[in-house]
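Quick notes on the structure that follows.
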Amino acid sequence: MKRFTAPLAAFALLPLLASTLPAQADSGGEQGEVRRERRAGNVRPLREIEREVIPRMSGMQYLGPEYDPAAMAYRLKFIQNGKVYFVDVDARTGRIIGQSR
C-alpha cells in the first residue's frame with residue numbers, strides 16, 4: 001500500500017498546481033482577446049486593415065502588428081533607414097488614429 005502513496009499525493013496536488021498558472025494561459029493573452037473581439041464583430045480583421053495601411057507606407061518595410069485590447073487598437077510597425085515607425089489603427093473602424101514619424 002505504501003508504494004501508491006507518492007503517486008496519489010502527486011495526483012492530489014494537480015488542481016493546486018493548475019490554479020497557480022497565469023491567467024493569460026486561460027485567456028490566450030493579447031491574441032486570445034483580439035480573437036474574441038473579432039468573433040463578436042467588435043473589431044475588423046487584421047489582414048483587412050493591413051491591406052489598407054501597408055500600401056500607404058511606401059518605401060517602408062512592414063515588421064508586424066501588436067494589438068492593444070484596452071484601446072481596441074492595432075499598432076503596425078514599419079522600418080525605414082534604420083528608424084522604426086508606428087501606425088496606430090482603431091481596430092473597430094480601421095481608421096488611423098496615430099502615427100510616429
Side-chain angles (χ1 to χ4, degrees):
M1 184 76 169
K2 283 190 176 186
R3 42 179 234 205
F4 293 112
T5 306
L8 287 176
F11 185 74
L13 292 175
L14 283 177
L16 178 63
L17 293 173
S19 69
T20 62
L21 292 174
Q24 271 194 345
D26 291 333
S27 68
E30 179 183 294
Q31 189 174 19
E33 182 68 26
V34 74
R35 201 176 290 127
R36 278 189 294 283
E37 292 293 344
R38 175 70 193 108
R39 280 191 207 124
N42 297 330
V43 299
R44 292 179 58 193
L46 173 61
R47 299 299 172 233
E48 193 177 290
I49 289 173
E50 288 173 332
R51 277 194 302 270
E52 293 176 18
V53 175
I54 293 172
R56 295 180 186 184
M57 308 303 288
S58 62
M60 295 189 182
Q61 180 184 353
Y62 181 51
L63 298 176
E66 290 181 5
Y67 179 69
D68 180 350
M72 291 183 81
Y74 292 106
R75 172 165 275 186
L76 306 183
K77 296 180 285 186
F78 297 86
I79 190 167
Q80 184 179 41
N81 299 327
K83 183 171 180 182
V84 177
Y85 298 87
F86 299 100
V87 178
D88 295 326
V89 181
D90 186 314
R92 295 164 288 203
T93 65
R95 187 175 60 85
I96 293 175
I97 54 177
Q99 191 170 345
S100 70
R101 283 273 171 183

Going by side chain to side chain donor-acceptor pair (under 3.5 Å), name the pairs with one or both residues in residues 72-81, residues two or more places apart or in two chains. Glu66-Lys77, Arg75-Asp88
Calculate, to the nearest 0.5 Å, the distance between atoms CD1 and CE belonging to Ile96 and Met57 respectively. 7.5 Å
About how many Å separate CZ of Arg56 and CD of Gln99, when rounded to the nearest 0.5 Å? 9.0 Å
The remaining residues in the hydrophobic cluster of Ile97, counting side-chain heavy-atom contacts under 4.5 Å among Ile, Leu, Val, Met, Phe, Trp and Tyr, are none
What pairs with Arg51 under salt bridge (charged side-chain N to carboxylate O under 4.0 Å, His left out), at least two apart in sequence or on another chain? none
Can you sort out the partners of Asn42 under side chain to side chain donor-acceptor pair (under 3.5 Å), two or more places apart, ordered by chain and number? Glu37
Quick note, ring-ring contact (aromatic ring centres under 6.0 Å, His included) partners involving residues 30-53, not counting sequence neighbours, are none
Among residues at least two apart in sequence or on other chains, which ones pass side chain to side chain donor-acceptor pair (under 3.5 Å) with Arg92? Asp90
What is the minimum heavy-atom distance between Val84 and Ser100, and which atoms define it? O-OG, 4.3 Å
Going only through I, L, V, M, F, W and Y residues with side-chain contacts under 4.5 Å, is there a path from Ile54 to Val89? yes
For a quick test of reading the model, state the closest non-hydrogen atom pair linking Phe78 to Met60 and the distance between them. CB-SD, 3.8 Å
Those residues that, when tested against Tyr85, pass ring-ring contact (aromatic ring centres under 6.0 Å, His included) (two or more places apart): none
Shared hydrophobic cluster for Leu63 and Val87 (ILVMFWY, side-chain gaps under 4.5 Å): no
Identify, with sequence neighbours excluded, every residue that meets salt bridge (charged side-chain N to carboxylate O under 4.0 Å, His left out) alongside Arg39. none
Which residues satisfy the side chain to side chain donor-acceptor pair (under 3.5 Å) test with Arg47, sequence neighbours excluded? Glu50
For Gln61, what residues pass the side chain to side chain donor-acceptor pair (under 3.5 Å) criterion, not counting sequence neighbours? none
Could you go through Tyr67 and Val43, starting from their C-alpha distance and side-chain angles, then the distance that decides it, and tell me whether this counts as side-chain contact (heavy atoms from CB on, under 4.5 Å)? CA-CA 11 Å; Tyr67 179 69; Val43 299; 3.8 Å; yes
Minimum-distance pair of heavy atoms, taken over all atoms of Leu46 and Pro65: CD2-CG, 3.5 Å
Against Tyr62, only a single residue in Val53, Ile79, Leu76 fulfils side chain to side chain contact (heavy atoms under 4.5 Å, CB included); can you say which? Leu76
